[in-house]
Number of protein chains: 2
Amino acid sequence: MNESISNETRDIILDVTEKLIYKSGIAATSMDLLVKTAGVSRKSIYRYFADKDALVVAALQRRDIRWMHWFTNAVDQTETPADRLLNLFTVLKGWFDSEGFRGCAFINTSGETGDPQDPVRLVAKEHKQKLLDYVCELCTEYGAEDPQLLARQLLILIEGAITVALVMGDHSAADNAQCMARKLLGL
Amino acid sequence: MNESISNETRDIILDVTEKLIYKSGIAATSMDLLVKTAGVSRKSIYRYFADKDALVVAALQRRDIRWMHWFTNAVDQTETPADRLLNLFTVLKGWFDSEGFRGCAFINTSGETGDPQDPVRLVAKEHKQKLLDYVCELCTEYGAEDPQLLARQLLILIEGAITVALVMGDHSAADNAQCMARKLLGL
DNA sequence: CGAACAGTAGAACGAGTGTTCTCCTTGGTC
DNA sequence: GACCAAGGAGAACACTCGTTCTACTGTTCG
C-alpha cells in the first residue's frame with residue numbers, strides 16, 4: 001500500500017555499512033563482515049543495492065545527511081550569530097572527544113580512492129560543499145563584509161582541526177582553531 | 001666490500017611503491033601491480049622486505065624524508081623569517097598545482113587504516129610532528145611570543161588547506177590560508 | 001488454500017590477494 | 001674453472017573478495 005514506508009532491513013544494512021566504513025574504511029569493510037555484523041543475508045543486501053559500490057555510496061550519502069543534521073542542530077543552540085560562528089569549534093571539540101571518533105568519514109574515504117571522478121569522491125565533495133554553504137549562511141547572518149571569503153577561511157580551520165585531531169591525536173586543535181576564528185572575526 | 005653501498009633494486013622497489021601508494025592508496029597497490037610496474041621479481045621484493053606491511057612502512061618513511069627535504073628547502077628560499085612563514089603557503093600552492101597532486105600521502109593512508117596503533121598511522125603522526133617542529137623553528141626565528149602555539153595554529157592552516165585542496169579540488173585554499181596567516185602574524 | 005514476497009543460511013564460483021616456491025640466467029670472486 | 005649471491009619469470013598455494021545461486025521459512029493477502 002504505502003510505497004514510502006520505511007524499510008527496516010534496508011535501514012539496518014545502511015546503518016551497519018555506515019558504521020563499519022567509518023570505523024575501518026571501505027576496503028576493510030567486506031560483504032562477509034557486513035553480513036555477519038548486520039545479521040542479514042547476502043541476498044537481502046543485493047536486493048536493495050546493485051553492488052558494493054552502490055551500497056557504499058548510499059551509506060555515505062546517509063552519513064552526509066545525518067552528520068549535517070547533527071552538526072547544524074548542535075551549532076544552532078546559541079543566541080547570537082557571533083556565538084554560532086565560535087560554537088562551530090566547540091561542537092567540533094565535543095565530536096573529537098566522543099567515543100569512536102575517527103576523523104571525517106569523507107576525508108578518509110577520499111584518501112582511499114585515487115580517481116577524483118569516483119562516486120565516493122563526489123559524495124565527499126558535495127558534503128564539504130554543504131558544510132561550506134552552512135558556514136556561509138552563518139557568516140551572512142553575522143553581517144560579514146565578504147561572507148563567502150570568510151566561510152572559505154573558516155572551512156579551512158574546520159578541516160585543519162579535524163585532520164590534526166585525527167592524524168596527530170591532538171584534540172586541542174579545536175581550541176586553537178577557535179582562537180584563530182576569534183581573531184579572524186575581530187572578537 | 002662497501003657495506004653501505006646503495007642498493008639499486010631496493011631503491012627502485014621503494015620508489016615505485018611510494019608512487020603507487022600516493023596515487024591509489026595502500027589497498028589498491030597490489031604486489032602484482034608492484035611487480036609489473038617496477039619490473040622486478042617477487043623474489044627481489046621479499047628479499048628486502050619481510051612482507052607488504054614492512055614495504056609500505058619503509059616506502060612511507062622514505063616519502064616522509066623526501067617530502068620534508070623538498071618542502072623545507074623550497075620554503076627556506078626567502079630572506080626574512082616573516083617571508084619564510086608566509087612562503088609556507090606559497091610553496092603549498094605550487095604543490096597543489098603540480099601534476100599528480102593527490103593530497104597528503106599521510107593523511108590519506110591514515111584514513112585508510114582504522115587502528116590508531118597501526119605502523120602506518122605512527123609514521124603519519126611522526127611526519128606531522130616533524131612538520132610541526134619545522135614550523136615551530138620558523139616561528140622562533142620570527143620572534144613569536146609563543147612559538148609553539150603559533151606553530152600549532154599554522155599547522156592547522158596547512159592541514160586545512162591540503163584537505164580542502166584535495167576533497168573540494170579548491171587550490172585557492174592555499175591563498176586563503178596565507179591570508180589568515182598574515183592576520184595571525186600581524187603583517 | 002495458495003500464490004507472492006521478504007527474508008535466512010549457506011554453498012559455490014571466478015577472480016584477485018599476499019606469499020612461497022622452483023628453475024633459469026648473470027656477474028662477479030676465490 | 002667452481003662457486004655463490006642477486007635477480008628474473010612464472011607456477012603454485014591458501015586465502016579472501018564480490019557476487020550469484022539454491023533451498024528453506026515465515027508472512028501477507030486475494
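Within every chain, numbering begins at 1; the chains are lettered A, B, ... in the order of the sequence lines, protein sequences first and strands thereafter.
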Can a donor-acceptor pair be found between the side chains of [X] and [Y] at a distance below 3.5 Å?
{"X": "B:D11", "Y": "B:Y48", "value": "no"}
{"X": "B:Q129", "Y": "B:D133", "value": "yes"}
{"X": "B:T80", "Y": "B:D83", "value": "yes"}

Applying side chain to side chain donor-acceptor pair (under 3.5 Å), run through B:D32 and B:S30 and close with a yes or a no.
CA-CA 5 Å; B:D32 198 61; B:S30 68; 5.3 Å; no

Sort and list the pairs that fulfil salt bridge (Lys or Arg N to Asp or Glu O under 4.0 Å) and have at least one residue in residues 47-59 of chain A, not counting sequence neighbours.
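For residues 47-59 of chain A: none.
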
Write down the distance between [atom1] ([X]) and [atom2] ([N]), rounded to a whole number of angstrom.
{"X": "B:R10", "N": "D:dA5", "atom1": "CZ", "atom2": "C1'", "answer": "17 Å"}
{"X": "B:E8", "N": "D:dG8", "atom1": "CD", "atom2": "C1'", "answer": "15 Å"}
{"X": "B:L34", "N": "C:dT17", "atom1": "CG", "atom2": "P", "answer": "12 Å"}
{"X": "B:L55", "N": "C:dG18", "atom1": "CG", "atom2": "C1'", "answer": "12 Å"}
{"X": "A:I12", "N": "C:dT8", "atom1": "CD1", "atom2": "P", "answer": "8 Å"}
{"X": "A:I45", "N": "C:dT8", "atom1": "CD1", "atom2": "C1'", "answer": "12 Å"}

Distance check: side-chain N/O of [X] vs OP1/OP2 of [N], anything under 4.0 Å?
{"X": "B:N7", "N": "D:dA5", "result": "no"}
{"X": "B:T9", "N": "D:dA6", "result": "no"}
{"X": "A:S41", "N": "C:dG10", "result": "no"}
{"X": "B:Y48", "N": "D:dG7", "result": "yes"}

N/O to N/O distances under 3.5 Å, protein versus nucleotides 14-23 of chain D:
| unit_1 | atom_1 | unit_2 | atom_2 | d |
| --- | --- | --- | --- | --- |
| D:dG18 | OP1 | A:K52 | NZ | 2.6 |
| D:dG18 | OP2 | A:M31 | N | 2.8 |
| D:dT19 | OP2 | A:Y46 | OH | 2.8 |
| D:dT19 | OP2 | A:K52 | N | 2.9 |
| D:dT19 | O5' | A:Y46 | OH | 3.3 |
| D:dT19 | O4 | A:R42 | NE | 3.1 |

Which label fits A:F106 and A:H127: parallel for a plane angle under 30°, tilted from 30 to 60°, or perpendicular past 60°?
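Correct class here is parallel.
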
Is A:F49 touching bases, backbone alone, or none of the nucleic acid, heavy atoms closer than 4.0 Å?
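A:F49: no heavy atom of the nucleic acid under 4.0 Å.
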
Taking NZ, NE, NH1 and NH2 as the nitrogens, is one of them in A:K130 or A:D64 under 4.0 Å from a carboxylate oxygen of the other?
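Between A:D64 and A:K130 there is a salt bridge, with a charged N closer than 4.0 Å to a carboxylate O.
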
Taking B:E112 for its side chain and B:I26 for its backbone only, find out whether a donor-acceptor pair lies under 3.5 Å.
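Checked: pair present.
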
I need the residues from residues 13-20 of chain B with at least one non-hydrogen atom less than 4.0 Å from DNA chain D; give them sorted by number, or say none.
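By residue number: none to list.
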
On the six-membered ring of B:Y22, is B:R63 placed so that its NZ or CZ lies under 6.0 angstrom from the centre and within 45° of the ring axis?
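Yes, cation above the ring, under 6.0 Å and within 45°.
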
